[in-house]
Amino acid sequence: MKRTEKNFKAACECYAAVGVDVEKALAALEEIPISLHCWQGDDVNGFEKHAGGASGGILATGNYPGRARTPEELRMDLEQAFRLIPGAKKLNLHAIYLDTPKVVERNAIEPRHFQSWIDWAKAQKCGLDFNPTYFGHPKAADNLTLAHPDKGIRQFWIEHGIACRKIAAAMGKALGQVCIMNTWIPDGFKDITVDRKGARERLITSLDACFAEKLPAKYMRDAVESKLFGIGVESCTVGSSEFYLAYALKNDLLLCLDSGHFHPTEVISDKISSVLCFLDEILLHVSHPVRWDSDHVVLFDDELRNIGAEIIRCGAKRVHIGLDYFDATINRVAAWTIGTRNMQKALLAALLLPQKKLNALEKSFGNTEKLALLEECKQLPLGAVYDAFCARHDVPAGFGFMDEVKAYEKKVLAKRG
Ligand code: RNT
Ligand code: ZN
């Protein structure tokens, strides 16, 4: 018997001893797609001929060689990452990743400018998610877009939002899988802000205009992403947590919780169950903030495990999982692979918990036993089960994926200028 199989068999016995059915957990994991963010592949540059790049308080640092410079290169790199990531995947695109030789203004983009992505997703059998890009553009130079005091600038961005929703709906229709469109804007102020209310009222009016048209929920759904602060907009973010929570509730939208967008000791794992008491669905941007919204590669740490556990406990069908980080100091294919595999491991760890027993203990105030059991579960052989999941998907198990990353780097990435 191969080592993976042997370890898997032993792992199943360990889990059975605490009343957990491993096959059931693996079957559930199959059903949970993770949306990989295209922007890790090129440091948020995009393929516009005239604009693009990170701005508005976000930035990618580092200059690791091999950044994708064209849609073809990005797709190639994604295919390599997909070969290293087992299970269901989606690709999350930003509007600046359009694929067309012409200069197309952001308020004039159409589904046809994303046709190559739709065709690619079809071939990969993966869904697409989408984002309007409200940064990296001269009309966003003031770090104000939908909340800009100038009506003309607001109108331009409203038109961008409307154009993007049509693209998202076209993607969902073409792929027969819902496309989640997430609206994040950089809008905010560097220093003392005297009319926060005015800015927020302008944002409401602009968002209302963007979302006015009802589009079929089976093709596209809208999410709005809050934030605490960004570089250059330290004092006031117009789309704050309270703002978007209320806006999403009032307008029946998804709320997007980004793990880097809160105070450093505030965690999104505790927000999932609260928000899902009132909203049908949410979107997550899973990231790893180091001291601030630094967008590091997602680690398999306590907070990620808590996020995974809350997703499973609240119902994975109601939580759309997207990743959001951009580390330009390491191999970008590895960055996708490590982060996505970690997210899956966190979900699997949660699926392998004796949840019914834990619930019963909590209800009956069996707190000592609950603590003891949870701590014991930490050393159950999760890795052996995840390795089996990889093997079933014909993906390298364990550290073995790095051999492929290195080979791809040598063969492809190192040759890029
Ligand atoms: C910025 C937000 C946003 C972006 C992407 C590129 O702080 O997290 O989601 O990271 O849209
Ligand atoms: Zn985000």
Side-chain angles (χ1 to χ4, degrees), residues 34-48 51-61 68 74 90-98 106 128-137 140 143-146 157 160-161 164 167-168 179-188 222-234 236-241 243-244 248 253-264 266-268 271 282-298 307 319-328 332 335-336 339 343:
I34 314 281
S35 194
L36 275 81
H37 50 313
C38 75
W39 51 94
Q40 167 61 68
D42 77 328
D43 317 337
V44 210
N45 274 284
F47 305 123
E48 278 182 334
S55 81
I58 58 171
L59 79 161
T61 52
L74 188 56
K90 290 179 91 179
L91 175 68
N92 194 7
L93 280 172
H94 241 283
I96 48 172
Y97 289 80
L98 77 179
R106 294 222 188 142
L128 288 175
D129 293 315
F130 198 58
N131 305 260
T133 313
Y134 290 100
F135 54 80
H137 191 278
N143 285 334
L144 285 162
T145 62
L146 291 175
W157 290 115
H160 177 58
C164 285
I167 294 165
C179 173
I180 306 296
M181 185 179 110
N182 179 53
T183 294
W184 172 73
I185 60 165
D187 296 37
D222 290 290
V224 283
E225 180 180 8
S226 73
K227 191 165 178 175
L228 181 61
F229 81 98
I231 303 271
V233 285
E234 290 88 354
C236 170
T237 289
V238 185
S240 62
S241 174
F243 178 92
Y244 276 131
L253 305 178
L254 279 73
L255 183 72
C256 172
L257 298 171
D258 183 308
S259 29
H261 288 194
F262 296 88
H263 289 277
E266 208 178 337
V267 283
I268 66 163
K271 300 179 187 295
I282 56 170
L283 171 67
L284 299 185
H285 268 188
V286 184
S287 187
H288 178 227
V290 180
R291 302 192 186 279
W292 66 288
D293 179 35
S294 53
D295 295 291
H296 284 63
V297 176
V298 165
I307 291 171
V319 184
H320 301 269
I321 308 170
L323 303 175
D324 185 11
Y325 52 80
F326 23 100
D327 186 344
R332 295 167 185 82
W336 272 318
M343 186 69 241

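Quick caveat, the model's predicted, so the values are computed rather than measured. When a ligand or atom number is given, it counts from 1 through the structure's own listing order. The chain is numbered in sequence order, starting from 1.
The closest side-chain heavy-atom distance from Ser240 to Ser226 is not below 4.5 Å. Side-chain contact between Val224 and Phe243 is absent, with no heavy atoms from C-beta onward closer than 4.5 Å. Within the 4.5 Å cutoff, no side-chain heavy atoms of Pro186 are placed close to those of Ile58.
For His296, the side-chain contact (heavy atoms from CB on, under 4.5 Å) partners two or more places apart in sequence, or in a different chain, are His288, Val290, Ser294. Contacts of Asp324 classified as side-chain contact (heavy atoms from CB on, under 4.5 Å), with partners at least two apart in sequence or in another chain: Trp39, Glu225, Asp258, His285, Asp295, Phe326.
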Please evaluate residues Ser241 and Leu228 with respect to the criterion side chain to side chain contact (heavy atoms under 4.5 Å, CB included), reporting the C-alpha separation (whole Å), side-chain torsions for both, the decisive distance (0.1 Å), and the verdict.
CA-CA 7 Å; Ser241 174; Leu228 181 61; over 6 Å; no

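Listed for the Gln40 side chain is a donor-acceptor partner under 3.5 Å among the backbone atoms of Asp327.
Here 4 is the count of protein N, O or S atoms positioned under 2.8 Å from the Zn ion (ligand 2), waters not counted.
Expressed to the nearest 0.5 Å, how far CZ of Phe135 lies from OG1 of Thr145 amounts to 11.0 Å.
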Extract all N/O-N/O pairs under 3.5 Å that connect ligand 1 to the protein, and present each with both atom names and the distance rounded to 0.1 Å.
| from | atom 1 | to | atom 2 | distance (Å) |
| --- | --- | --- | --- | --- |
| ligand 1 | 7 (O) | Lys227 | NZ | 2.7 |
| ligand 1 | 7 (O) | His261 | NE2 | 2.9 |
| ligand 1 | 7 (O) | Asp293 | OD2 | 3.4 |
| ligand 1 | 8 (O) | Glu225 | OE2 | 3.0 |
| ligand 1 | 8 (O) | Asp258 | OD2 | 3.0 |
| ligand 1 | 8 (O) | His261 | NE2 | 3.0 |
| ligand 1 | 8 (O) | Asp324 | OD2 | 2.7 |
| ligand 1 | 9 (O) | Glu225 | OE1 | 2.7 |
| ligand 1 | 9 (O) | Glu225 | OE2 | 3.2 |
| ligand 1 | 9 (O) | His285 | ND1 | 3.1 |
| ligand 1 | 9 (O) | Asp324 | OD2 | 3.0 |
| ligand 1 | 10 (O) | Asp324 | OD1 | 3.1 |
| ligand 1 | 10 (O) | Asp324 | OD2 | 2.8 |
| ligand 1 | 11 (O) | His94 | NE2 | 2.7 |

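One finds a salt bridge joining Arg332 and Asp43 here, because a Lys/Arg side-chain nitrogen approaches an Asp/Glu carboxylate oxygen to under 4.0 Å.
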